[in-house]
Amino acid sequence: MAVFFLVSLLASAVGAICGIGGGVIIKPVLDLLHLETVQAISFLSGCTVLSMSCYSVGRAMLSGERRVSLSTGTPLALGAAVGGLLGSQLFTAVKAMFENPNTVGAVQAVCLAAVTAGTLVYTVNKRRITTHRLSSWLACAVIGLALGCISSFLGIGGGPINLVVLYFFFSMDTKTAAANSLYIILCSQLASVLSTLASGAVPSFRPAVLALMVAGGIGGGMIGRSLNKRMDNRAVDRLFIGLMAVIIGISIYNGIRYADA
């Protein structure tokens with residue numbers, strides 16, 4: 001049981017530093033350990049990310065921080081909330097296509113590896129890539145919709161793709177992108193979890209595991225927020241790049257293992 005808490009705590013701490021939520025770490029690591037079903041891991045990961053992002057965003061607002069751009073972040077977040085609902089439905093539809101639940105895990109793992117690899121390539125080369133400054137609410141909402149759908153389907157809450165989008169379309173620096181990413185994650189994950197609860201599609205899981213993971217998410221949010229203040233943009237980028245490399249490796253392994261199961 002302690003494994004669930006430790007994974008959630010460490011993943012949420014790193015997620016709060018980089019703005020990736022933590023689900024992109026929790027999901028593949030718990031898939032690797034095979035401690036719960038694919039469906040349960042996706043739901044538990046989502047709840048953990050929700051708790052961490054709720055603490056991080058709420059604490060930032062209470063302390064008067066102004067890194068989140070409401071004019072950009074709000075339509076992104078609203079679009080992501082709708083996308084989160086679509087992503088949950090997509091996951092349910094894909095699950096219904098296969099008799100073996102492990103096949104869904106393989107699909108998720110392959111998609112996560114591909115998304116993470118693209119993110120890694122962009123991050124390494126981002127200084128040579130021309131960025132943009134979109135301001136249209138419609139464009140922001142459509143981009144948020146895509147982010148929410150992908151994140152919810154993969155069960156990662158938000159993840160590295162948020163940062164790439166914020167870098168490229170809105171020319172944000174690393175720490176500003178991290179803050180806005182957590183705001184988007186909060187809205188999309190809240191919508192996804194509420195949709196799962198309302199539809200009665202909550203998978204079977206041990207309540208004690210949920211309690212430990214949520215506690216780890218909040219604790220990780222506290223630790224990550226503190227460390228983020230002490231780190232500069234370059235240090236956050238290095239941590240992010242190293243993390244992406246590890247996640248790609250784990251996701252590829254999980255994809256192969258689930259496909260053979």
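Bear in mind that the values here come from a model prediction, so they are computed numbers and not experimental data.
- Sequence neighbours left out, the pairs with a member in residues 22-31 that pass salt bridge (Lys or Arg N to Asp or Glu O under 4.0 Å) are Lys27-Asp31.
- The heavy-atom pair separating Gly217 from Thr48 by the smallest distance is CA-CG2, 3.8 Å.
- Sorted by first and then second residue, the salt bridge (Lys or Arg N to Asp or Glu O under 4.0 Å) pairs with a member in residues 113-129 read Lys126-Asp237; sequence neighbours excluded.
- Taking each heavy atom of Ala16 and Gly220 in turn, the nearest pair found is CB-O, 4.3 Å.
- In this structure the side chain of Thr196 reaches within 4.5 angstrom of the side chain of Phe43, judged on heavy atoms.
- Remark: the backbone N or O of Ser69 is paired with a side-chain donor or acceptor of Asn180 at under 3.5 angstrom.
- Note that OG of Ser53 is 5.0 Å distant from CG of Leu50, once rounded to the nearest 0.5 Å.
- For the residue pair Gly219 and Leu9, the shortest heavy atom distance occurs at C-CD1, 3.6 Å.
- Between the Ser152 side chain and the Gly148 main chain, no donor and acceptor come within less than 3.5 Å of each other.
- Inter-residue side-chain proximity for Arg225 and Ser63 is flagged as met; some heavy-atom pair is nearer than 4.5 Å.
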Verdict with supporting geometry, Glu65 and Lys229, side-chain contact (heavy atoms from CB on, under 4.5 Å): CA-CA 12 Å; Glu65 293 181 13; Lys229 291 180 177 180; 3.9 Å; yes
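- In the model, Ser151 has no side-chain atom that pairs as donor or acceptor with a side-chain atom of Ser188 under 3.5 Å.
- Across all non-hydrogen atoms, the minimal contact from Leu30 to Met213 is CD1-CE, 3.7 Å.
- By the ring-ring contact (aromatic ring centres under 6.0 Å, His included) test, His34 is found to be paired with no residue, residues two or more places apart in sequence or in another chain being considered.
- Under the 3.5 Å distance criterion, the side-chain polar atoms of Gln108 are matched with a main-chain donor or acceptor of Phe153.
- Put simply, OG on Ser71 and CH2 on Trp137 are 8.0 Å apart, with the number rounded to the nearest 0.5 Å.
- Side chains of Ile143 and Phe170 form a contact here, defined as non-hydrogen atoms less than 4.5 Å apart.
- Atom CG of Leu32 sits about 6.5 Å away from atom OH of Tyr253, to the nearest 0.5 Å.
- A continuous path of ILVMFWY side-chain contacts below 4.5 Å connects Leu76 to Val68, so both sit in one hydrophobic cluster.
- In this structure, the side chain of Asn254 engages the main chain of Pro28 through a donor-acceptor pair within 3.5 Å.
- The shortest distance between side-chain heavy atoms of Val110 and Ser251 does not fall below 4.5 Å.
- Side-chain contact between Leu147 and Val165: present, with at least one pair of heavy atoms (C-beta onward) separated by less than 4.5 Å.
- Under a hydrophobic-cluster definition in which Ile, Leu, Val, Met, Phe, Trp and Tyr are linked whenever side-chain heavy atoms come within less than 4.5 Å, directly or via other members, Leu86 and Ile185 are assigned to different clusters.
- Although no hydrogens or angles enter the test, the distance criterion places no donor-acceptor pair under 3.5 Å between the side chain of Ser226 and the main chain of Ile223.
- Between the side chain of Thr74 and the main chain of Leu70, a donor-acceptor pair closer than 3.5 Å is present.
- Scored by the side-chain hydrogen bond (donor to acceptor under 3.5 Å, both in side chains) test, Arg59 finds no partners at all (sequence neighbours excluded).
- Ser45 contributes no side-chain N or O that, together with a main-chain N or O of Ser42, makes up a donor-acceptor pair within less than 3.5 Å.
- No more than 12 heavy-atom neighbours from other residues, nucleotides or ligands sit within 6.0 angstrom of CE on Met222.
- A continuous path of ILVMFWY side-chain contacts below 4.5 Å connects Val236 to Met52, so both sit in one hydrophobic cluster.
- If you take CD on Gln189 and CD1 on Ile184, they are separated by 13.0 Å, rounding to the nearest 0.5 Å.
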Please tabulate, for the side chains in residues 116-123, all donor-acceptor contacts under 3.5 angstrom to protein atoms that are two or more places apart in sequence or on a different chain.
from, atom 1, to, atom 2, distance (Å)
Thr116, OG1, Leu112, O, 2.7
Thr119, OG1, Val115, O, 2.9
Thr123, OG1, Thr119, O, 2.8

Worked verdict on Val38 versus Tyr258 for side-chain contact (heavy atoms from CB on, under 4.5 Å): CA-CA 10 Å; Val38 172; Tyr258 275 127; 3.6 Å; yes
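- Taking hydrophobic clusters as Ile, Leu, Val, Met, Phe, Trp and Tyr residues chained together by side-chain heavy-atom distances below 4.5 Å, Leu145 does not share a cluster with Leu78.
- For Thr103 (side chain) and Phe98 (main-chain N/O), no donor-acceptor pair under 3.5 Å exists by modelled atom type.
- Summarising the geometry of Leu134 relative to Ala139, their closest heavy-atom pair is CD1-CB, 4.4 Å, with the distance given to 0.1 Å.
- Taking 4.5 Å as the limit, some side-chain heavy atom of Leu243 sits within range of a side-chain heavy atom of Ile20.
- The two atoms that bring Thr130 and Phe168 nearest to each other are O-CE1, 3.4 Å, heavy atoms only.
- Residues Gln89 and Ser199 are not in side-chain contact: their nearest non-hydrogen atoms beyond the backbone lie 4.5 Å or more apart.
- Proximity of Leu239 to Cys18: side-chain heavy atoms (C-beta onward) are separated by under 4.5 Å at one or more points.
- Using a 4.5 Å cut-off between side-chain heavy atoms of Ile, Leu, Val, Met, Phe, Trp and Tyr, with links allowed through other members, Val14 and Met244 fall into the same hydrophobic cluster.
- One finds the CG atom of Asn162 at 10.5 Å from the OH atom of Tyr167 (value rounded to the nearest 0.5 Å).
- Side-chain polar atoms of Ser195 and Ser88 form no donor-acceptor pair below 3.5 angstrom.
- Atom CG of residue Asp232 and atom NZ of residue Lys175 lie 7.0 Å apart, to the nearest 0.5 angstrom.
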Output side-chain donor-acceptor pairs under 3.5 Å for residues 202-210, partner residues at least two apart or in another chain, one line each.
from, atom 1, to, atom 2, distance (Å)
Arg206, NE, Glu36, OE2, 3.1
Arg206, NH2, Glu36, OE2, 3.2

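- Not one N or O on the side chain of Ser181 forms a donor-acceptor pair closer than 3.5 Å with the backbone of Ala177.
- Thr72 and Arg133 form no side-chain donor-acceptor contact under 3.5 Å, judged by distance and modelled atom types alone.
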